[in-house]
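Structure, as structure tokens:
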Amino acid sequence: MCRGGLIDRLINLVTLSMVAVPEFLVATLAVLIFAVKLNWLPALSYVSTVDSLGDAMKIYAMPVLTLCCVLIAQMARMTRAALIDQLDSPYVEMAQLKGVPPIRRVMRHALPNAVGPIANAVALSLSYLLGGVIIVETIFNYPGIASLMVDAVSNRDLSLVQACAMLFCGTYLVLVMLADICAILSNPRLRNR
Amino acid sequence: MNSLKTMTHPKANTVRRLRHGSHLPVGAPQRRNRRRLQLTRWIGLGVFGFWILVALFGPLLAPHPMGAFVSDQMFGGMSAAYPLGTDYMGRDMLSRILTGARYTVGLALVAACLSSLIGAGFGMLSVLLPKWLEESVRRVFDTLISIPSKMMALVMVSAFGASIPLLITATVLSYAPGAFRIAHSLATNLATMEYVQVAHTRGEGRLYIAACEIFPNMIQSVLTDMGMRFVFIVLLLSGMSFLGLGVQPPAADLGSLVRENIGGLSQGAIAVIAPALAIGTLTIGANLLIDSLSTSRATQKE
């Protein structure tokens, strides 16, 4: 909305920096700040019993934050680029001439048409997530499939490595297919092809 | 009357002109945007240049040798003698980071140059090849690009062991297809330009067209892309070292430094934060620099 303004440039700078940050930096900083200094969240994230929703959110907050941090920056940049692309089109200009307020212009008119490139960006981020989950499991000591794979690689257990790789890549392919289907469905012009 | 006249801005009636470049009057927002771009570019250049210097001269500046045990205190804090604290065995973190940065930056630069070279080379080559060969090359690279990079690196390390040539090979296999894709689309776009057709009509050979007509116009975008590859490769290599599958001890790179000292995380030791911050500043600086260069080129083109 306020393209080129101070807030826009500041957010641009912040997201540009955050895109390049390694996951373990975010994880170590998060653990340092939230668990050691402020003591808001537990550092150990795997407990066998989860008592309430609040507990579950506290336990999973840090790993999810680590994974999401870079992705939020990436999605923010992609969304901004896609929306700016849409905001320059004639129909949005028509809406502006009709007197539609800016927020409604963005949300109801430009955003539904920008979903296609955003779904594409989501698909691309999936491979990043798959890599990030390995690091997060190592730092927070989750006994998950990714750390199983890392142990198998260290121990040269080749059949286990094959199985884990197949699982991961199969999941990745299914998710990418879903994202592609979403992108096609979101554009009514492509729906009937 | 006079006071009303003097209330206008002293420069209100003069037309602003640039001291260089165009002689047309220039408006205000472009000036402000240019200064902003300069800021990100100088920050990026400063940070990235700092790490290049550390990679080149780090081991000479390190106060202690890399493996020397200098203190009895594990995970010591910042002090005058040990500016970045001590690690889990009592070694000086500053020296270890200065020496380890060489591995990180050097490996990533080599891998980025190689993958850009191979990707761009194949990209230009495929414009010259017959149609069926070009299609099959593109399919091969498309398959490679769809495999997540960490998965590929993990599988290759499990098969062949973690050595430096293998790490470079795995990284190049993951990131050359991306460079190929960009180079290929650029080359096919450029091949339709008139000057290429003129050269073709002149009777120039295919190799000459690729080297002297297409390549010089592609090189800016390829270099920008190489910068992006560098950032991703640093992240991949440090991630692999963090998992223990990258650079092996006694050689230390920044990721394995984080791995060794992860035990100090619960104490809030600086030995864990410092190498992670080092990697973070390296990638952020490179990213800012690349982005400011590509943005400034895009605005120059318009």
Side-chain angles (χ1 to χ4, degrees), chain A residues 4 6 9-10 12-13 16-29 31-33 35-37 43-44 70 77 126-135 137-141 146-147 149-158 160-162 164-169 171-173 176, chain B residues 29 32-33 36 39-40 43-44 145-159 161-162 228 231-232 234-236 238-240 242-245 254-255 258-259 261-262 265-270 272-273 275-288 290-292 295:
Chain A
L6 182 63
R9 285 208 302 256
L10 201 61
N12 230 2
L13 193 65
L16 191 56
S17 321
M18 275 174 55
V19 163
V21 151
E23 302 96 0
F24 47 87
L25 177 64
V26 179
T28 44
L29 280 179
V31 168
L32 200 66
I33 296 178
V36 176
K37 294 276 160 68
L44 182 65
V70 176
R77 300 194 68 209
L126 284 172
S127 77
Y128 166 80
L129 269 181
L130 277 183
V133 90
I134 302 180
I135 307 267
E137 284 193 13
T138 309
I139 291 194
F140 293 105
N141 281 326
S147 65
M149 183 165 179
V150 172
D151 287 337
V153 171
S154 310
N155 299 329
R156 301 297 162 79
D157 188 352
L158 280 178
L160 191 52
V161 168
Q162 278 178 338
C164 292
M166 264 182 54
L167 267 176
F168 265 106
C169 292
T171 321
Y172 174 61
L173 285 175
V176 165
Chain B
R32 254 185 272 136
N33 279 339
R36 186 68 189 199
L39 185 66
T40 46
I43 294 181
I145 214 176
S146 62
I147 307 179
S149 51
K150 278 216 178 80
M151 289 293 136
M152 168 113 78
L154 278 180
V155 170
M156 282 189 70
V157 165
S158 75
M228 293 301 301
V231 172
F232 295 144
V234 167
L235 291 177
L236 176 67
S238 358
M240 291 296 290
F242 177 74
L243 295 171
L245 300 167
L254 292 174
V258 179
R259 175 191 176 75
N261 300 311
I262 199 84
L265 191 57
S266 48
Q267 306 169 14
I270 195 170
V272 178
I273 299 292
L277 269 180
I279 302 178
T281 48
L282 171 63
T283 49
I284 292 178
N287 211 14
L288 285 178
I290 297 298
D291 196 74
S292 74
T295 326

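Each chain gets a letter, A, B and so on, in the order its sequence line appears, and its residues count up from 1. For clarity, every value in this text was computed on a predicted model and none was experimentally measured.
Ranked by heavy-atom pairs shorter than 4.5 Å toward chain A, the options B:Gly161, B:Ala286, B:Gly255, B:Gly244 are led by B:Gly161. When each of A:Val19, A:Leu158, A:Val176, A:Leu130 is scored by its heavy-atom pairs under 4.5 Å with chain B, the top score falls to A:Leu158. Ranked by non-hydrogen atom pairs under 4.5 Å with chain A, the options B:Ile43, B:Val234, B:Val231, B:Leu154 are led by B:Leu154. For the set A:Asn155, A:Val26, A:Ile134, A:Leu29, the count of heavy-atom pairs under 4.5 angstrom toward chain B peaks at A:Ile134. When each of A:Leu25, A:Asp157, A:Leu32 is checked for heavy-atom pairs under 4.5 Å with chain B, A:Leu25 comes out on top.
For a residue to count as touching a neighbouring chain, one of its non-hydrogen atoms must lie under 4.5 Å from one of that chain's; by this rule B:Leu245 touches chain A with the side chain only. Both the backbone and the side chain of B:Val157 come within less than 4.5 Å of a heavy atom of chain A. Heavy atoms closer than 4.5 Å to chain B are found nowhere in A:Gln162, neither backbone nor side chain. For B:Ser146, the part lying near chain A is the backbone, with the side chain staying farther off; criterion is any non-hydrogen pair under 4.5 Å. A:Val161 touches chain B through its side chain: at least one heavy atom from C-beta onward sits under 4.5 Å away, while N, CA, C and O do not.
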Do B:Asn287 and A:Met18 pass the side chain to side chain contact (heavy atoms under 4.5 Å, CB included) test, and can you show the C-alpha distance, the side-chain angles, and the key distance before you say yes or no?
CA-CA 10 Å; B:Asn287 211 14; A:Met18 275 174 55; over 6 Å; no
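Counting only heavy atoms from C-beta outward, the side chains of B:Val155 and A:Met149 approach each other to under 4.5 Å. Proximity of A:Phe168 to B:Pro148: side-chain heavy atoms (C-beta onward) are nowhere separated by under 4.5 Å.
Within a 6.0 Å radius of CZ in B:Phe232, other residues, nucleotides and ligands contribute 12 heavy atoms or fewer.
Residues A:Ser17 and B:Leu288 share a closest heavy-atom pair of OG-CD2, 4.4 Å.
Atoms CD1 and CZ, on B:Ile279 and A:Phe24 in that order, are 3.5 Å from each other to the nearest 0.5 Å. Here OG1 of A:Thr138 is found 9.0 Å from CD1 of B:Ile262. Values are rounded to the nearest 0.5 Å. B:Met240 contributes atom CE, which lies 9.5 Å from atom CD1 of A:Ile135 (distance to the nearest 0.5 angstrom).
A distance-only check finds a donor-acceptor pair linking the side chain of B:Thr283 to the backbone of A:Ala20 [under 3.5 Å].
Under the side chain to side chain contact (heavy atoms under 4.5 Å, CB included) test applied with A:Pro22, the options B:Leu282, B:Leu235, B:Leu236 reduce to a single match, B:Leu235.
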